[in-house]
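Side chains are part of it too, since the values below use all heavy atoms of this structure and drop only hydrogens, waters and symmetry mates. Quick note on labels: first sequence line is chain A, next is B, and so on, each numbered from 1.
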Amino acid sequence: MTPIIPASLRSASVQTTTIRTIGAHDGRDVRIRGWLYNKREKGKLVFLIVRDGTGYLQAVAFQPEVPPDVFETCQKVTQESSLEVRGSIRKDDRAPGGYEMKLQSITVHQVAQDYPISPKEHGPDFLLDHRHLWLRSSKQHALLKIRSEICQAIRDFFYERDFVLIDSPILTPAACEGTSTLFETDYFDRKAYLSQSGQLYLEPACMAFGRVYCFGPTFRAEKSKTRRHLTEFWMVEPEVAYADLDDLLDLAEDFVVTLVARALDRCRPELTTLERDITRLERIQKPFPRLTYDEAAAVLMRPEIQSRARGQDAPPFVPGSDFGAFDETVLTETLERPVMITRYPTKIKAFYMQPDPQNPDRALCVDVLAPEGYGEIVGGSQRIHDHDLLLRRIQEHGLPLEAFRWYLDIRRYGSVPHAGFGMGIERFVSWVAGIHHLREAIPYPRTLNRLYP
RNA sequence: UCCUCAGUAGCUCAAUGGUAGAGCAUCCGGCUGUUAACCGGAGGGUUGUAGGUUCGAGUCCUACCUGAGGAGCCA
């Protein structure tokens, strides 16, 4: 990595470097530019824990060996002040990270007064009010690094498989699926809605390019108030022409396994910082267990499961309805791998899903449920490719026909079976990182009660 | 929309209906290897808001506000 350094800060004699690569500078003089993470004083010794975005480094100032003004600056500098330290790097097992700097000089660029987030425990409301500063904390830093790596892995996965990135619009004229509550906004003298899915716009592109995906923000105005919901979240949605449900299951399985492997390969230090049980991620291998909705429903109807639901005040499972939170826990708790549940009842799923030719009451769809109670991470289906059937479904759902004319066109001009799925980035990141709250898996969370910062 | 819980110092939390407390942070002093350092000292309060009960309310009652967790809905 080549640091970008303004000419005014360059020095011919001392190299400016990053903490991530500090081991390569053992025994040499370097300059580190960053912020003060923490400070510990002991008489004639001051330990400065400096962070630069790539890691943490302990710089040690020892009184007789540094000039009095340098030592005094080290004593006075406050938490999160921006600074530049210069000194020699040496291996020392007593230092966090294994290397430390024997400090020779220090430049404080700006003194931070009363940094609000002290190195102690804080409540979620306080931390979310200070999200713009909380990003500097080690766990949040590790989490967002993992998110970044997973987003890069998603793009790499599709690029390597010849998918074309097709960005869907965020401003849309009408409801895509007719179910969710949408955010409404003024669009000159008309109304527009923030997109809740890119899928419908992706299907036409799929007929142009064969394999496509979109990756962007998605908006839901539902008043959900749980740790598994955000009003603004990121979703990646692939769509494949000439694909059936079995092709889709294989793609989703490959996708999940590849992303988890990438996190294990590139984010070990971050997963360790988050105290993630890595052995659980190492068990995420193909094949994933697959069962149908009817098989899953049979499990939930067992007397011992029904009595457990009553004991936990969970609403009882009714055959033909969708699974609740308790039901998802039951279906995933004994498994180490994600479970793929297929062929839900047609009437509880979206209007565009292809019915199973063997049983038209069941849709050719899949939900992938993550282990450890993280819930649905992937949802997808084969799409209806017959024009008349799709027209009938739009009418049955009471959707405005005029708004779907372009969508029906795809079934008039060279229609083929096709399939796709959507994956919620924050849910996936939460599962991989092993965190409790979805809102920490996005830099600036938007929830029912939060629009700041 | 419904159910449950919470709101006390900058932060995290104590306080049988009877004088408002501690740790961290901040400031001052001490210490040559600290690991959320430690030791001594100082400053810091309209107990979410408005009513009510009581000789007396942080504590009990009512309403409201704010937040959290869950349900439903969904990724």
Side-chain angles (χ1 to χ4, degrees), chain A residues 37-49 56 58-66 71 75-76 78-80 92-98 100 102 112-130 133-134 137-139 177 179-182 196-199 217-237 309 312-315 321-328 348-350 367-370 374-380 421-431 436-439 441-442 447-450:
Chain A
Y37 190 71
N38 201 359
K39 177 180 68 177
R40 288 183 280 269
E41 291 179 70
K42 186 166 173 66
K44 295 182 164 55
L45 278 166
V46 177
F47 299 91
L48 301 176
I49 313 299
Y56 301 84
Q58 172 168 288
V60 188
F62 183 32
Q63 173 115 71
E65 294 180 5
V66 296
F71 192 77
Q75 285 180 308
K76 292 258 169 75
T78 57
Q79 186 189 3
E80 287 303 328
D92 193 319
D93 292 337
R94 293 170 297 187
E100 71 178 14
K102 188 177 174 186
Q113 294 287 358
D114 298 325
Y115 186 71
I117 304 178
S118 62
K120 270 278 181 179
E121 289 174 26
H122 299 281
D125 191 43
F126 173 81
L127 289 170
L128 287 165
D129 276 340
H130 296 84
L133 303 175
W134 192 22
S137 301
S138 59
K139 286 195 175 180
E177 301 182 14
T179 50
S180 303
T181 317
L182 303 183
Q196 59 166 343
S197 165
Q199 181 208 319
T218 304
F219 306 88
R220 306 273 166 97
E222 269 139 14
K223 296 196 172 179
S224 298
K225 220 172 101 172
T226 79
R227 63 171 196 262
R228 296 186 308 280
H229 290 91
L230 298 167
T231 53
E232 178 182 308
F233 63 98
W234 280 61
M235 192 154 67
V236 58
E237 298 171 273
Q312 293 181 24
D313 263 343
S321 68
D322 210 347
F323 303 129
F326 172 83
D327 306 322
E328 287 188 359
I348 61 167
K349 285 293 181 180
D367 279 1
V368 181
L369 306 181
Y374 283 91
E376 185 184 341
I377 48 171
V378 168
F421 66 78
M423 187 186 83
I425 303 304
E426 291 76 16
R427 282 196 185 172
F428 191 85
V429 170
S430 294
W431 167 49
H436 189 63
H437 292 96
L438 202 62
R439 62 188 172 207
I442 188 166
T447 64
L448 185 56
N449 295 309
R450 184 164 293 281

Tell me: [atom1] of [X] to [atom2] of [N], nearest whole Å?
X: A:Arg40; N: B:U34; atom1: CZ; atom2: C1'; value: 6 Å
X: A:Glu426; N: B:C74; atom1: CD; atom2: C1'; value: 14 Å
X: A:Gln75; N: B:U32; atom1: CD; atom2: P; value: 12 Å
X: A:Leu438; N: B:A68; atom1: CG; atom2: P; value: 14 Å
X: A:Asp125; N: B:U8; atom1: CG; atom2: P; value: 11 Å
X: A:Gln199; N: B:A75; atom1: CD; atom2: P; value: 10 Å
X: A:His436; N: B:A68; atom1: NE2; atom2: C1'; value: 11 Å
X: A:Tyr115; N: B:A36; atom1: OH; atom2: P; value: 18 Å

Could you give the distance separating [M] and [N] at their [atom1] atoms, to the nearest angstrom?
N: B:G41; M: B:U46; atom1: C1'; answer: 29 Å
N: B:G23; M: B:C64; atom1: P; answer: 40 Å
N: B:G43; M: B:C65; atom1: C1'; answer: 32 Å
N: B:A57; M: B:U49; atom1: P; answer: 15 Å
N: B:U66; M: B:G48; atom1: P; answer: 16 Å
N: B:U54; M: B:U62; atom1: C1'; answer: 16 Å
N: B:A9; M: B:G58; atom1: C1'; answer: 14 Å
N: B:G21; M: B:U16; atom1: P; answer: 14 Å

Side chain of [X] only, please: which of [options] is the nearest?
X: A:Asn449; options: B:G67, B:A71, B:A36; answer: B:G67
X: A:Met235; options: B:G33, B:A75, B:G72; answer: B:A75
X: A:Ser118; options: B:G33, B:A25, B:G72; answer: B:A25
X: A:Leu230; options: B:U26, B:A75, B:G33; answer: B:A75
X: A:Glu222; options: B:C74, B:U32, B:G69; answer: B:C74
X: A:Asp322; options: B:C74, B:G70, B:U32; answer: B:C74

What contact category does [X] fall into here, base, sugar-phosphate, or nothing, at under 4.0 angstrom with non-hydrogen atoms?
X: A:Ile117; answer: nothing
X: A:His437; answer: sugar-phosphate
X: A:Asn38; answer: sugar-phosphate
X: A:Phe126; answer: sugar-phosphate
X: A:Glu41; answer: base
X: A:Arg439; answer: sugar-phosphate
X: A:Ile425; answer: nothing
X: A:Gly375; answer: nothing
X: A:Pro116; answer: nothing
X: A:Pro124; answer: nothing

Taking atom [atom1] of [X] and atom [atom2] of [Y], what is their separation to the nearest 0.5 Å?
X: A:Glu426; Y: A:Leu438; atom1: CD; atom2: CG; answer: 6.0 Å
X: A:Asp129; Y: A:His122; atom1: CG; atom2: NE2; answer: 12.5 Å
X: A:Glu376; Y: A:Asp322; atom1: CD; atom2: CG; answer: 8.0 Å
X: A:Tyr56; Y: A:Ile49; atom1: OH; atom2: CD1; answer: 11.0 Å

If the threshold is 4.0 Å, N to carboxylate O, is there a salt bridge linking A:Asp92 and A:Lys102?
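Salt bridge between A:Asp92 and A:Lys102, a charged N being under 4.0 Å from a carboxylate O: no.
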Partner nucleotide of [N] by Watson-Crick or wobble geometry (both distances under 3.5 Å):
N: B:A36; value: none
N: B:U49; value: B:A63
N: B:A57; value: none
N: B:G43; value: none
N: B:U4; value: B:A68
N: B:C74; value: none
N: B:G23; value: B:C11

For B:G72, does either OP1 or OP2 sit under 4.0 Å from a side-chain N or O belonging to A:Arg228?
no
If you assign each of A:Arg450 and A:Val378 to its closest nucleotide in RNA chain B, which residue comes earlier from the 5' end?
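The residue whose closest nucleotide sits nearer the 5' end is A:Arg450.
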Can you work out whether A:Gly43 or A:Phe47 has the more 5'-proximal nearest nucleotide on RNA chain B?
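By nearest-heavy-atom nucleotide position, the 5'-most residue is A:Gly43.
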Side chain [X], main chain [Y], donor-acceptor under 3.5 Å:
X: A:Thr78; Y: A:Gln113; value: no
X: A:Arg427; Y: A:Arg228; value: yes
X: A:Lys39; Y: A:Val46; value: no
X: A:Gln79; Y: A:Ile117; value: yes
X: A:Glu80; Y: A:Tyr115; value: no
X: A:Ser137; Y: A:Lys139; value: no

Side chain [X] and base [N] donor-acceptor under 3.5 Å:
X: A:His229; N: B:C74; value: yes
X: A:Glu100; N: B:G33; value: yes
X: A:Gln58; N: B:U34; value: yes

5' to 3', nucleotides 1-6 of chain B under a 4.0 Å protein heavy-atom cut-off (B base, S sugar-phosphate only, - none) gives B-----
Using 30° and 60° as the class limits, which term best fits the ring planes of A:Phe126 and A:His130: parallel, tilted or perpendicular?
tilted
A:Phe233-B:A75 aromatic stacking (under 5.5 Å, under 30°):
yes
